[in-house]
Amino acid sequence: MNISIVGSGYVGIVTGIGFAEMGNNVIFVDVDPGKIEIINKKEPPIFEKGLKELMKKNKEAYYATDNYIDAILNSDITFICVGTPSNPDGSIDLSQVMGAAKSVAEVLAKKDDFHVVAVKSTVVPGTTEEVIIPTLEKHSKKGAFVDFGVAVTPEFLREGEAVDDFFNPDRVVIGSEDERTRKILDELHSPFKCPKLFVDLKTAEMIKYASNAFLATKISFANEIGNICKKLGIDSYKVFEGVGLDHRINPSFFRAGLGFGGSCFPKDVKALIAKAERLGYNPKLLKTVLEINDMQPAMMIDLLKKHLGNLSDKRIGLLGLTFKPDTDDIRESRAIILVKQLLKENAKVFAYDPVAIEKFKRLYSDVEYASSAQELVDNVDAVLIVTEWREFENVDYRGKIVIDGRRILKAREAKVYEGLCW
Ligand code: UDX
């Protein structure tokens, strides 16, 4: 099939290249000339495992452009994959989605053939019906479900594992309201052997939010139990090994510690809270999930003070700056919260990360950066383990004070070792 993808962020590029690998022709539309140039050089615009090889292998099957007319007229399905960042009140900023919908609609106005617009950007339940469809209809002067199709096809891609997640999903969710659109998307997704769920538009939108909200809740639950375990001298990892063996519960996403960051969980939970409040419902559980998540870095600082006392002029080393390993993404990273607090307390902050130092420097130039994990550990009064990069298992921590937020086993050899939830 012929597909166009609006927005070449990590969801757009992985989805497009994934569909190209499955035998489809793909046109990427982006407003960023730099990204268009990189994609047309057949290079990945982001750091994502396995993407580079797939882009080379399928180089004849895709190209990038800023021209919506070219992209929409030469494809049957358009996936909207632009960002939906948070507004200051936690609700989502739909400006990029609206801009994309308007540009697509202006070409739909000139197109005779049936075309499907599938929303892959994460939008709160009701958004496609209440905002996106009216925009498409207004600017195309055509009717949804009759002249063109509309769908919601949420993604469940983890950064760092996005290529693998694309090809091996647990489920495919297709939200649509008309049979024609349903059939087209069913055919496109036919190579996936996992369960396929056909639902209406807002149910598909809610499946995405409920999935992320549940995973965030599971982590905050693990952290709450973990914080109690810490006070009792119990290793919460042993506890969750026992808990996770219950088939109703499942062992994954029970890694207690510093909490969740990244571009999805914090933003999506906040957006769902904002939506619920607008509907007159107070989502107490979701609010607590965020509160516990915010508490974890503060608890790390408390443990640090237990051993160092006043932090003024103390050299504190951060191992890891990304929100999780195997990505260069520092959005909502716990490292940001820790650095802010340490600087506020006049500590001297030293940091190391295998891939994200340059990015972090743009935010914090008053932090000193080490060229290796060992150099950092050797030159500080205490070490905070913030991200579980594998290489941190090869560092010599002997003689040091280490507060571990991510459970690096080798760090237990330190003179003083404190796990956050164990
Ligand atoms: C997440 C979802 O997993 C994915 O399905 C969705 O589409 C996008 O958001 P991602 O943000 O890439 O993916 O990261 P993920 O691997 O889920 O981890 C998120 C955060 O939770 C990280 O900061 C990680 O360190 C933290 N985490 C995860 C824990 O603290 N404990 C755990 O047990 C698991």
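Both counts, for ligands and for their atoms, begin at 1 and track the order of listing. Basis for what follows: all heavy atoms, side chains included, without hydrogens, waters or symmetry-related copies.
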For [atom], find the nearest protein heavy atom and state the residue, atom name and distance (0.1 Å precision).
atom	value
atom 20 (C) of ligand 1	Phe260 CB, 3.6 Å
atom 23 (O) of ligand 1	Phe323 O, 2.8 Å
atom 15 (P) of ligand 1	Lys324 NZ, 3.7 Å
atom 3 (O) of ligand 1	Arg158 CG, 3.3 Å
atom 1 (C) of ligand 1	Phe265 CE2, 3.6 Å

Does only the side chain of [X] get under 4.0 Å from ligand 1, or the backbone, or both, or neither? Count heavy atoms.
X	value
Glu332	neither
Leu157	backbone
Arg406	side chain

Heavy atom of [X] under 4.0 Å from ligand 1?
X	answer
Glu161	no
Gly257	no
Cys264	yes

Nearest 0.5 Å, what's the [atom1]-[atom2] distance between [X] and [Y]?
X	Y	atom1	atom2	value
Phe350	Asn379	CZ	CG	5.5 Å
Lys270	Leu272	NZ	CG	13.5 Å
His307	Lys415	NE2	NZ	10.5 Å
Thr217	Asn212	OG1	CG	10.0 Å

* Any side-chain donor near an acceptor of the partner, Asn394 and Gln374, under 3.5 Å ->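 No donor-acceptor contact under 3.5 Å links the two side chains.
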Looking at [Y] and [X], is there a salt bridge between them, counting it only when a charged N and a carboxylate O are closer than 4.0 Å?
X	Y	answer
Lys410	Glu413	yes
Lys202	Glu130	no
Lys359	Asp328	yes

* **Those atoms of ligand 1 less than 4.0 Å from some heavy atom in Phe156** =>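 This gives 5 (O), 7 (O) as the contact atoms.
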* Structure fact -> If we number the atoms of ligand 1 from 1 as shown, the ones under 4.0 Å from a heavy atom of Lys208 are 6 (C), 7 (O)
* Asked: Is the NZ or CZ atom of Lys400 both under 6.0 Å from the centre of the six-membered ring of Tyr417 and within 45° of that ring's axis?
  -> no
* Asked: Backbone N or O of Ala61 within a donor-acceptor pair of the Asn58 side chain at under 3.5 Å?
  -> no
* Looking only at distances, please establish whether an N/O atom of ligand 1 is found under 3.5 Å from an N/O atom of Gly262. =>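 So ligand 1 has no N or O lying under 3.5 Å from an N or O of Gly262.
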Could you name the option among [options] that has the heavy atom nearest to [atom]?
atom	options	answer
atom 31 (N) of ligand 1	Lys267, Arg255, Glu159, Glu155	Arg255
atom 17 (O) of ligand 1	Phe254, Phe253, Phe240	Phe253
atom 29 (C) of ligand 1	Asn212, Val11, Thr387, Ile219	Ile219

* To do: Under the side-chain contact (heavy atoms from CB on, under 4.5 Å) rule, what do Thr122 and Tyr209 come out as? Steps first, then yes or no, please.
  => CA-CA 8 Å; Thr122 300; Tyr209 274 93; 3.5 Å; yes
